[in-house]
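Proteins get letters first, then strands, A, B, ... in listed order; numbering begins at 1 in each.
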Amino acid sequence: MNLANFPFSPPAASNFAGEMDTLFYAILALSTVFAVVTFAYVIFYAIKYRAGSSADRSSPVYENMKLELIWIGFPTILAIIFFVWGAKVYADLRIPPKDAKEIYVVGKQWMWHIQHPNGVRENNTLHVPIDTDIKLTMIAQDVIHAFYIPAFRTQFMVVPGRYTQMWFRPTMIGKFHLFCNMYCGAQHSEMGGSVIVMSKRDYAEWLANNGSMRQNLTPIQAGEKLFSKIGCGNCHGPADLPPRSPSLFGLYNKTREMDNGQKFVADETYIRESILRPGEKLLKGYANTMPMYDKQLTEDEVMALIAFIKGGAVPSLPASNIAASVPGHEAQVNGKAGLNSNALEFNAEGADATPTSRGKDLSVGAMAAEKGDQKR
Amino acid sequence: MSAHGHADSPVKFQYEDIDQQNDTYVIGMWSFMVTEIMFFGGLFLIYTLYRMNYQGDWWKAHEHLDWRLGGINTANLLVSSMLMALAVRAAQLKDRIKVMTLLSMVVACGGLFMAIKYVEYSGKIVDHLYPGPSFTTNPEILHGANLNHAQLFYGLYFGMTGLHGVHVIVGMLIISFLIKFWYQKKKVVTEDYIPTELIGLYWHFVDIVWIFLYPLFYLMPKPFTVLGGH
Amino acid sequence: MAKSPLHAAEGHAHEIHPVSMYVRTALILAFFMVLTIVAAQVNFGEILTGHNRQYGYYVNNLVAVGIAAIKAFIVVMFFMHLKWASSTAKVWALMGFFFLPVLFSVFCDYGTRTHEQVDGWIPGQSETALPRVIGSRDQEHLDPRFANDQNRNPKSSLY
Amino acid sequence: MSTTVTTPIGSGEAAPGPRLNYLTNGHSLKSWLLTEDHKRIAILYLISVSFFFMLGGAFAGMIRYELTSPAGNVFESDAYNRIFTAHGAIMVFLFLLVAVPAVLGNFLVPLMIGARDLAFPRINLLSWYLYTAAGSLILISCISGGVDAGWTFYTPYSSLYSNSNVSLCLVGVFLGGFSSITTGVNFIATVHRMRAPGMTWFRLPLFVWAQYATGIIMMLGTPVVAITLLCVIFERTFQLPIFSPELGGDPVLFQHMFWFYSHPAVYIMVLPSFGVISEVISAFSRKRVFGYHFVAFSSLAIAFLGFLVWGHHMFVTSQSMYQGVAFSLVTFLLAVPSAIKIFNWTATMAKGNIHLNSPMIYAIGFMGLFLIGGLTGLFLAAMGMDVHLTATYFIVAHFHYVMVGGTVMGFLAGLHFWWPKMTGKLFNDNIAKWNAIVVFLGFNLTFFPQFIAGWMGMPRRYHYYYFAPEFQIYNILSTMGATVLGIGFVIPVIYLIKSLFTGAQAGDNPWGAHGLEWQTTSPPPTENFYYSPIITDDVYDYDPVAEHEAIRELGANRQH
């Protein structure tokens with residue numbers, strides 16, 4: 001049989017694959033030895049000491065402290081060794097390097113929205129350059145999903161309400177499976193697609209082509225557009241205006257003091273909370289005058305706003321750069337335009353602009369609509 | 001066979017003697033109460049986590065609760081616990097009239113507790129403070145608390161005090177049956193005080209749950225986050 | 001039937017206690033009830049000053065839960081006769097109070113989640129990912145290692 | 001060579017004669033449905049548990065049939081989701097958690113400790129009724145409309161998104177939990193206070209130790225999941241999202257509370273089977289269990305440590321990585337008590353007189369399967385490895401090796417071992433032996449390919465995999481195995497039922513085993529013993545050397 005048609009190991013396409021496979025085969029070897037030796041003993045005894053056999057049964061042993069201690073101690077030591085090894089691999093998997101390239105992922109029933117730093121968006125397909133640290137910042141819009149790439153040996157859950165992160169460095173050019181690995185409803189098994197690892201040059205070209213073709217906005221541009229559309233700039237200007245509105249210029253990663261003396265670092269989660277529920281943490285010296293945007297913005301929109309604020313929140317683009325959107329080519333993926341730039345027109349009727357409020361009727365509607373589209 | 005299984009003997013056929021049976025009953029009851037502790041423990045866990053996360057809003061939301069009504073109920077349950085303990089003592093002394101009197105007073109205390117709960121709940125329901133889609137949208141009622149977090153607070157308030165209330169009602173029903181048995185001079189209860197003791201254990205457990213619920217819901221300290229704002 | 005030593009009751013579960021014992025217990029409980037109401041009116045957050053101020057809230061809560069625990073202990077011991085019960089019953093009564101903290105160890109998770117994203121971590125060097133002080137978000141003055149790290153990004157202010 | 005000295009109350013010499021046993025003591029339906037006899041309740045449980053096992057197996061068959069083709073054969077995705085949920089919910093809540101404790105435990109714990117009944121017979125009956133109510137509700141919810149949340153009921157999908165009968169199913173699980181609690185309380189009170197004179201803690205059979213440890217888990221864990229599921233019902237009814245982020249709740253908290261019970265629940269499933277295996281191995285090797293104290297205490301260690309490992313289900317759910325490290329360490333340590341058991345059983349066989357009857361074959365099969373199931377747990381306990389393998393078919397294969405290979409094999413071993421005691425009839429041991437081998441092979445063929453599929457990254461609960469046709473070969477192998485396994489589960493039903501009508505009389509002790517339960521008649525009388533037993537010696541008082549001599553002198557195997 002041709003082994004290519006009968007594979008027993010997934011492709012090893014990321015920096016984790018090496019250490020993970022070593023760990024896997026080490027545990028496999030250990031388990032095999034344990035299982036085979038123990039079971040061989042069982043079978044051997046069952047045959048040797050079967051009733052009526054002439055095997056020597058003199059002086060049977062019923063308790064042997066030394067033996068017990070050996071088979072308590074030996075597995076304990078092995079267990080601790082493998083624990084340390086597994087924990088080390090896990091720490092590598094969980095903690096991204098500082099300068100990793102950040103890609104945003106939004107999971108919803110039943111598709112993945114992916115947005116690259118320069119604004120190129122895609123659905124259910126993730127294009128990444130080889131040999132580059134990629135950090136995915138992920139959030140779910142409805143239920144829990146999991147972003148799983150077997151060839152990269154990594155996955156992480158995508159939870160509604162908070163950001164999770166995972167990272168990897170692809171090491172092999174090719175097309176690999178992308179799965180949703182947390183049961184999420186009717187079309188769970190089809191919520192996936194592929195990860196396409198390209199050479200750095202191809203990736204740059206792909207980004208540029210997609211960008212020019214579709215005139216997508218970068219997250220910062222999209223955020224800026226939204227910023228002016230919903231009128232954030234009316235209050236949040238270049239200067240602090242207590243007690244009404246603090247300036248957002250260069251807000252990201254600053255330490256902010258609340259009116260009760262608590263201090264928070266203005267990270268993504270802080271900014272997200274401040275947009276959605278501004279009364280939650282009041283900045284020292286400011287009144288609670290800002291309206292809540294909870295249930296009014298999609299997660300993509302919040303991400304765009306955060307990107308804009310992370311970028312300094314300084315309006316920089318001339319208005320002409322914000323071009324009208326063109327329907328994206330993801331139509332072929334699932335029969336309708338996904339989260340391309342027209343999602344950022346922020347009309348609430350758009351299928352992709354489902355607000356973060358997730359009443360039952362809404363989800364049913366979305367379910368029915370997508371079911372019709374995604375029929376095989 | 002020995003003298004087991006007589007219909008009117010308090011010793012069940014699987015036991016050797018009354019001591020063994022009583023011991024087993026007490027151990028069974030305590031292990032049942034361990035499950036009750038874990039049962040309420042799950043709710044206390046949820047409560048603690050969200051209380052830590054939303055200190056300020058929960059404090060503001062709790063301002064709507066009346067600590068005096070809760071205090072009356074605490075005292076009420078305390079008295080009923082003492083009466084229950086005295087009823088068990090009377091059962092030990094086989095003083096039938098006293099047992100029935102004391103148990104009736106315990107049921108009356110339970111009734112008073114539920115009546116006060118009724119007053120509290122109906123006030124909340126008028127204000128649309130029960131969780132769900134029709135939860136109030138008026139932040140004035142909640143002293144300016146975030147409505148989402150206040151809804152979580154009231155969800156747990158109704159969940160935990162409601163579950164406790166269910167236990168109180170169940171306890172009242174059981175005690176009523178106990179009074180009936182004493183009234184009918186059933187040997188199960190008159191010959192041996194342990195059935196009364198077991199029901200007493202249950203009633204004290206219900207009291208203990210309230211001992212924790214009262215400070216957690218009615219007597220919240222003002223959190224630091226709210227303090228700083230004034 | 002002969003009573004075997006195995007079935008002998010442990011302790012003196014059947015002792016009859018005087019009424020005064022129950023009344024005294026109830027009075028002590030009433031005292032603690034008043035105490036818990038009084039303690040709730042005292043705001044330790046306002047009494048404590050400066051940097052310790054934020055701990056007042058926790059002091060208040062600890063006092064409230066502590067008094068409740070004492071009350072529960074008194075009820076268990078005297079009203080529920082655990083003091084005179086068999087040691088097996090004692091062990092079972094303790095079991096719940098032992099496993100409840102096991103359940104509450106969930107908070108080890110919520111307490112350390114803040115530090116998931118540790119900057120300065122170098123893959124392969126585990127010592128760079130040591131947890132910082134749990135539960136404190138303004139760590140500059142607590143941990144000199146991070147005093148000047150402006151790019152520090154402790155994830156999540158929610159949990 | 002008797003385990004016990006019985007003190008006859010009447011004449012010790014007189015044979016029991018045609019006295020009533022628990023089966024013949026009353027024939028009306030009422031005498032069964034309102035019985036307080038632990039043995040009759042065990043039979044009631046046996047019937048209902050077998051029914052649900054067959055039903056769950058039928059759902060499993062549908063799953064396997066559907067997965068032979070990458071694009072699905074017959075069902076729509078919605079239907080498929082309902083089928084795997086039904087399979088999981090029925091198997092976990094109505095079979096695995098109940099089978100060994102409620103059937104074998106109920107029947108044997110009083111017999112083994114020399115008691116006339118469990119401590120609270122009426123509560124025992126109540127437990128069966130709660131179970132029946134739970135079973136009916138889960139069955140109704142799975143059949144009329146179905147439940148599509150998966151047996152783990154993860155929020156917010158189960159609470160706010162699923163449009164199926166989740167609430168009804170959860171009420172069923174809730175009632176089933178109370179059935180489990182009442183069983184646990186009963187076992188604990190019984191073991192503490194109902195032991196016969198002389199039955200000290202260290203003379204208890206290991207089966208009783210295992211049931212005791214199981215009772216602890218049932219009591220401490222079940223209420224937590226009960227309240228958690230009650231909260232989900234609350235969420236669905238009042239639209240109050242306690243476990244979803246809409247109002248600031250935390251979906252991960254649900255997983256914490258769910259697994260706080262559901263991981264120890266795995267030990268509710270396998271610990272009683274461990275007990276069965278200890279009994280069977282010792283009885284058929286005619287040898288005292290090697291390292292009795294270690295095996296007994298390893299049960300308690302598993303029960304205790306089992307409560308400290310729930311977070312290993314959540315390594316990729318954004319749980320704090322520091323807590324994850326602690327969970328991983330305890331999980332690895334938990335492998336040790338399981339290893340102790342396996343090693344001690346192996347050592348028990350050394351220098352014994354091994355009779356390869358069907359219960360022994362099942363027990364050997366159990367050891368083979370549980371070894372694989374336990375050792376693959378190491379892959380999943382290693383945190384880094386778990387990131388790749390979690391929620392794939394590797395997990396599916398792992399827990400089937402533990403649950404089917406552990407619980408079901410243990411249950412079958414115990415059922416065959418004590419069938420003569422329960423019914424008084426002998427079944428065809430030759431067919432049973434071969435069937436044990438069929439089950440072992442069929443099981444491996446079903447689930448071993450799933451390890452490879454999982455390692456290659458096939459996610460669980462997938463209906464389609466047309467985009468990854470490389471998984472097909474493993475699914476086809478697995479379905480082939482499932483067919484064999486299905487046959488292996490049907491055959492025992494036939495020969496066991498046949499034995500009721502045509503089987504030979506078993507006699508008190510057909511296997512020559514030495515437990516207290518074998519000292520009474522088969523089937524036992526309602527009071528369990530005609531005499532009050534007083535125990536003066538160890539439970540496993542076998543003498544392999546003497547027996548070997550005896551066999552040699554007879555020149556024939558005792559069993560033939």
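- No part of Ile47(A) comes within reach of chain D, as not one of its non-hydrogen atoms sits under 4.5 angstrom from that chain.
- Across Pro251(D) and Ile144(A), no two heavy atoms sit closer than the pair CB-CD1, 3.9 Å.
- A 4.5 Å side-chain heavy-atom check between Val252(D) and Met157(A) finds every atom pair outside the cut-off.
- Scanning both residues, Glu190(A) and Ser77(D), for their nearest heavy atoms gives OE1-OG, 4.4 Å.
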Q.
What verdict does the side-chain contact (heavy atoms from CB on, under 4.5 Å) test give for Met321(D) and Ile95(A), after you've listed the backbone C-alpha separation in whole Å, the side-chain angles of each residue and the deciding distance to 0.1 Å?
A. CA-CA 10 Å; Met321(D) 55 182 283; Ile95(A) 300 171; 3.8 Å; yes
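- Tyr465(D) places no side-chain N or O within donor-acceptor distance of the main-chain N or O of Ser189(A), the cut-off being under 3.5 Å.
- Ring orientation note: the planes of Phe343(D) and Trp71(A) are tilted relative to one another, at an angle of 30° to 60°.
- Around OH of Tyr25(A), the count of heavy atoms belonging to other residues, nucleotides or ligands within 6.0 Å exceeds 12.
- Under a 3.5 Å cut-off, the side chain of Asn181(A) and the backbone N or O of Gly457(D) do not form any donor-acceptor pair.
- By the 6.0 Å contact criterion, CZ on Phe39(A) is enclosed, its count of non-hydrogen atoms from other residues, nucleotides or ligands being greater than 12.
- Using a 4.5 Å cut-off between heavy atoms, Val159(A) contacts chain D through its side chain alone, with no backbone atom that close.
- Of the atoms belonging to Ala55(A), it is backbone heavy atoms, and not side-chain ones, that fall under 4.5 Å from chain D.
- Only the side chain of Leu356(D) comes within contact range of chain A, judged by heavy atoms closer than 4.5 Å.
- Interatomic distance, OG1 of Thr346(D) versus OH of Tyr45(A), reported as 8.0 Å (0.5 Å rounding).
- For the atom pair Ile80(A) CD1 and Leu333(D) CG, the distance stands at 6.0 Å (nearest 0.5 Å).
- Thr164(A) and Ser318(D) get closest at one heavy-atom pair: CG2-CB, 3.6 Å.
- Across every non-hydrogen atom of Gly352(D) and Arg57(A), the tightest pair is O-NE, 2.7 Å.
- When each of Phe284(D), Tyr80(D), Tyr154(D) is scored by its heavy-atom pairs under 4.5 Å with chain A, the top score falls to Tyr154(D).
- Looking at His177(A), the atoms closer than 4.5 Å to chain D (heavy atoms on both sides) all sit in the side chain, from C-beta outward.
- For a residue to count as touching a neighbouring chain, one of its non-hydrogen atoms must lie under 4.5 Å from one of that chain's; by this rule Phe451(D) does not touch chain A.
- Leu375(D) touches chain A through backbone and side chain together, each having a heavy atom under 4.5 Å away.
- The candidate from Ala335(D), Ala339(D), Ala468(D), Gly150(D) with the greatest count of non-hydrogen atom pairs under 4.5 Å with chain A is Ala468(D).
- Below 30°, between 30° and 60°, or above 60°: for Phe379(D) and Phe24(A) the angle between ring planes is between 30° and 60°, a tilted geometry.
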(Q) Does Tyr183(A) form a ring pair (Phe, Tyr, Trp, His ring centres under 6.0 Å) with Tyr157(D)? I'd like the steps, not just the answer. (A) CA-CA 9 Å; Tyr183(A) 174 66; Tyr157(D) 185 76; 5.5 Å; yes
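- Rounding to the nearest 0.5 angstrom, the gap separating the NE2 atom in His188(A) from the CG atom in Asp148(D) is 12.0 Å.
- Annotation: maximal heavy-atom pairing with chain A below 4.5 Å, among Trp345(D), Tyr292(D), Phe84(D), Phe471(D), occurs at Phe84(D).
- The shortest non-hydrogen separation linking Pro459(D) to Cys180(A) is CB-O, 4.4 Å.
- When each of Pro337(D), Ala350(D), Ser285(D), Ser328(D) is scored by its heavy-atom pairs under 4.5 Å with chain A, the top score falls to Ala350(D).
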Q | Residues Met349(D), Tyr49(A); criterion side-chain contact (heavy atoms from CB on, under 4.5 Å); working and verdict | A | CA-CA 8 Å; Met349(D) 291 171 72; Tyr49(A) 296 111; over 6 Å; no
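- Of the atoms belonging to Ser194(A), not a single heavy atom falls under 4.5 Å from chain D.
- Taking each heavy atom of Ala382(D) and Leu23(A) in turn, the nearest pair found is CB-CD2, 4.4 Å.
- In this structure, no portion of Met138(A) lies under 4.5 Å from any heavy atom of chain D.
- Phe8(A) contributes atom CZ, which lies 9.5 Å from atom CE of Met456(D) (distance to the nearest 0.5 angstrom).
- Two residues are said to be in side-chain contact when any heavy atoms from C-beta on lie closer than 4.5 Å; Phe294(D) and Met65(A) meet this criterion.
- Residue Ile149(A) does not touch chain D at all, counting heavy-atom pairs closer than 4.5 Å.
- When each of Tyr41(A), Phe34(A), Phe152(A) is checked for heavy-atom pairs under 4.5 Å with chain D, Phe34(A) comes out on top.
- Heavy atoms closer than 4.5 Å to chain D are found in both the backbone and the side chain of Ile72(A).
- Counting heavy atoms from C-beta on, the side chains of Phe315(D) and Arg94(A) never come closer than 4.5 Å.
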Q: Give the C-alpha distance, both sets of side-chain angles, the deciding distance and a yes or no for side-chain contact (heavy atoms from CB on, under 4.5 Å) between Ile364(D) and Ile43(A).
A: CA-CA 8 Å; Ile364(D) 291 176; Ile43(A) 301 291; 4.2 Å; yes
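- With a 4.5 Å cut-off on non-hydrogen atoms, Tyr148(A) touches chain D through its side chain but not through its backbone.
- Using a 4.5 Å cut-off between heavy atoms, Val61(A) touches chain D through backbone and side chain atoms alike.
- Using a 4.5 Å cut-off on side-chain heavy atoms (C-beta onward), Val325(D) and Phe83(A) make contact.
- Interface remark: Leu78(A) contributes no atoms to any contact with chain D (heavy atom separation under 4.5 Å).
- For the residue pair Asp386(D)/Tyr90(A), the side-chain donor-acceptor check at 3.5 Å is not satisfied.
- Under the 3.5 Å distance criterion, the side-chain polar atoms of Gln155(A) are matched with a main-chain donor or acceptor of Thr390(D).
- Side-chain rings of Tyr540(D) and Tyr62(A) stay apart, their centers remaining 6.0 Å or farther from each other.
- Ring-plane geometry between Phe179(A) and Phe467(D) is classed as tilted, the angle between the planes lying from 30 to 60 degrees on a 0 to 90 degree scale.
- The shortest side-chain heavy-atom distance between Tyr161(D) and Asp142(A) falls under the 4.5 Å cut-off.
- In terms of heavy-atom pairs under 4.5 Å with chain A, the best-connected choice from Arg288(D), Met360(D), Met314(D) is Arg288(D).
- The main-chain N or O of Met182(A) is never found under 3.5 Å from a side-chain atom of Arg461(D) such that the two would form a donor-acceptor pair.
- Between the CG atom in Asn344(D) and the CD atom in Glu68(A) there is a gap of 4.0 Å [rounded to 0.5 Å].
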